[in-house]
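Just so it is clear, the values below take in all heavy atoms, side chains as well, and ignore hydrogens, waters and symmetry mates. Per chain, numbering begins at 1; letters A, B, ... match sequence-line order.
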Protein chains: 2
Amino acid sequence: MTSTQGEFALLDETWSSVTPPAARRMLIAAAAAFSVRGYHATTTRDIAAQAGMSPAAVYIHYRSKEELLFQISRIGHGTSLSVLTAVSEDDPAARLAAAVRAFASWHAEFHTTARVVQYELSALTPEHLAEVVELRRRIEAAVRGMVEDGVAAGVFDVPDVRGATLAVLSLCIDVARWYQPSGRRTPAEIGDLYADLVLRMVGTAGR
Amino acid sequence: MTSTQGEFALLDETWSSVTPPAARRMLIAAAAAFSVRGYHATTTRDIAAQAGMSPAAVYIHYRSKEELLFQISRIGHGTSLSVLTAVSEDDPAARLAAAVRAFASWHAEFHTTARVVQYELSALTPEHLAEVVELRRRIEAAVRGMVEDGVAAGVFDVPDVRGATLAVLSLCIDVARWYQPSGRRTPAEIGDLYADLVLRMVGTAGR
DNA sequence: CTCCATACTAAGCGGTTGCTTAGATCTAAG
DNA sequence: CTTAGATCTAAGCAACCGCTTAGTATGGAG
């Protein structure tokens, strides 16, 4: 697997649950377009053209343009939550570091999806937004739990748990805004850098 | 000056250089609309209505909708650069802390303007974007200079200066995304929290 | 073969968009 | 009073938007 194939191979994995293939191609085309131009600046004709189909083909698989956005947002949020909670470390510091490494590097590696996930919430219908907000609540709770565990174990020095949680999440999420594949850091390097910075923020004792 | 008048009073200061008054009202209306719905989802009729004028009145003062965006972005970037470089402290740690406090709290207090500044760059024409990118380069250089000063003085422990600079800026900028006036923290409290977290990230010796 | 469901396209409909044109109103100088 | 410039509005134009309709191609079941 070369580095240029890497993203597409993993993208296929991200969207692998979407069938039929034409519906999947449409979602991937929509995510790419929303990411670059934004939801409102992207037309259904843009999406169909990128997927190699006629404008009307969008409506065979999706009720509306907004439902395309919702599916991208729902699957993207679910994937990022999985990445965050898949860590297996026991030690609180190692656990938080691994989670931050995975979450930050995901926002770089899949910045295309991540940008839609993080910056197009206001285009969702109230019902769809509510569903996504619940996933975001679980993401926040996962990080807060890790910070609390470290404090309880006496290895973190955090005067404001909610504030620290906010900052950790914010730092990782903002990677999706500034990351460029042509930049000087790889997603893995960003993950390592951020894991170190976060451990400093939570005042890890023995480093 | 009450807290509800606070933002408007300071907003007037932000836009005080814009004349005539009708052009200023239009800019403020456009910034509010762009911030909530995004540039592409906002119509020139929305802006004119919010400013209490007819749709055609926009084009008396601005060549296009994009020029409204450019003026907001240009003035907003300039203001945030001023806020960052106005710090008067000499000690490197106190200086960086003051800059972060000011920059982060600006992104909260003026989140309306800040959101347009940070999230609508892709809607600018190439020429206008180039002008704004130069201001962003100066913002990045200002923060990097403060980090370098602390390292040179031996009070910071930073293995990766560019990486730390990136993280500090990223943390502050992302405040514009999540801040809500109805939230549990005031802009000043966010500034204090972030100043502390940043000093931890740069490994300040005597804290 | 017929039948039928699925997947797709060509054409286009009603509504909205950014922006323009023609003309009204106001202010202030001569 | 006349004139000129600046500011604003009513009306509307060409282009584009999301989405629908009508009809075609395909492939598997009976």
Side-chain angles (χ1 to χ4, degrees), chain A residues 15-73 116 120-129, chain B residues 15-73 116 120-129:
Chain A
W15 309 117
S16 62
S17 65
V18 181
T19 53
R24 176 162 57 240
R25 273 177 22 233
M26 211 86 90
L27 257 201
I28 293 170
F34 292 167
S35 172
V36 173
R37 291 176 245 187
Y39 174 78
H40 289 289
T42 300
T43 70
T44 55
R45 288 166 177 85
D46 290 338
I47 297 166
Q50 181 118 353
M53 306 180 83
S54 77
V58 172
Y59 297 90
I60 304 292
H61 302 286
Y62 300 95
R63 278 184 235 242
S64 65
K65 178 181 159 187
E66 189 273 344
E67 207 203 310
L68 269 166
L69 174 64
F70 171 59
Q71 294 303 334
I72 295 165
S73 194
V116 181
E120 301 292 353
L121 294 175
S122 71
L124 292 167
T125 63
E127 293 77 17
H128 287 163
L129 179 62
Chain B
W15 309 117
S16 62
S17 64
V18 180
T19 54
R24 175 162 59 239
R25 275 181 16 237
M26 221 127 224
L27 259 199
I28 292 169
F34 292 165
S35 172
V36 173
R37 291 176 245 186
Y39 174 78
H40 290 289
T42 301
T43 70
T44 55
R45 286 167 177 84
D46 290 337
I47 298 165
Q50 180 119 351
M53 305 180 83
S54 77
V58 172
Y59 298 90
I60 304 292
H61 302 288
Y62 301 93
R63 278 184 236 245
S64 66
K65 178 181 159 187
E66 189 274 343
E67 206 203 310
L68 269 166
L69 174 64
F70 172 59
Q71 294 302 334
I72 294 164
S73 194
V116 181
E120 301 292 353
L121 295 175
S122 70
L124 292 167
T125 63
E127 294 77 17
H128 287 162
L129 178 61

When you measure from the side chain of [X], which nucleotide among [options] comes out closest?
X: T44(B); options: dA7(C), dA10(C), dC19(C); result: dC19(C)
X: A56(B); options: dT20(C), dC8(D), dG18(D); result: dT20(C)
X: P55(B); options: dC8(D), dG18(C), dC19(C); result: dC19(C)
X: M53(B); options: dT9(C), dT9(D), dC19(C); result: dT9(D)
X: T43(B); options: dC8(D), dG18(C), dT9(C); result: dG18(C)

d([atom1], [X]; [atom2], [N]) in whole Å:
X: R45(B); N: dA11(D); atom1: CZ; atom2: P; value: 14 Å
X: Y59(A); N: dC19(D); atom1: OH; atom2: C1'; value: 5 Å
X: M26(B); N: dC19(C); atom1: CE; atom2: P; value: 13 Å
X: E66(B); N: dT17(C); atom1: CD; atom2: P; value: 19 Å
X: L69(A); N: dC19(D); atom1: CG; atom2: P; value: 12 Å
X: I60(A); N: dG18(D); atom1: CD1; atom2: C1'; value: 15 Å
X: R63(B); N: dT20(C); atom1: CZ; atom2: P; value: 11 Å
X: H61(B); N: dC19(C); atom1: NE2; atom2: P; value: 16 Å

Any donor-acceptor N/O pair, R45(B) side chain to P55(B) backbone, under 3.5 Å: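 Pair absent, no side-chain N/O of R45(B) close to backbone of P55(B).
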When you compare the side chain of S122(B) with that of V36(A), does any pair of heavy atoms fall below 4.5 Å?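 Result no, sub-4.5 Å side-chain heavy-atom pair not found.
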Could you tell me if the side chain of Y39(A) sits less than 4.5 Å from the side chain of H40(B), heavy atoms only? no
When you check the phosphate oxygens OP1 and OP2 of dT17(C), does a side-chain N or O of H40(B) lie under 4.0 Å from one of them? no
Measuring from atom CE of M26(B) to atom CH2 of W15(B), what distance do you get when rounded to the nearest 0.5 angstrom? 14.5 Å
Of T42(A), V58(A), T44(A), which meets side chain to side chain contact (heavy atoms under 4.5 Å, CB included) against L68(A)?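 Only one of T42(A), V58(A), T44(A) forms a side chain to side chain contact (heavy atoms under 4.5 Å, CB included) with L68(A), namely V58(A).
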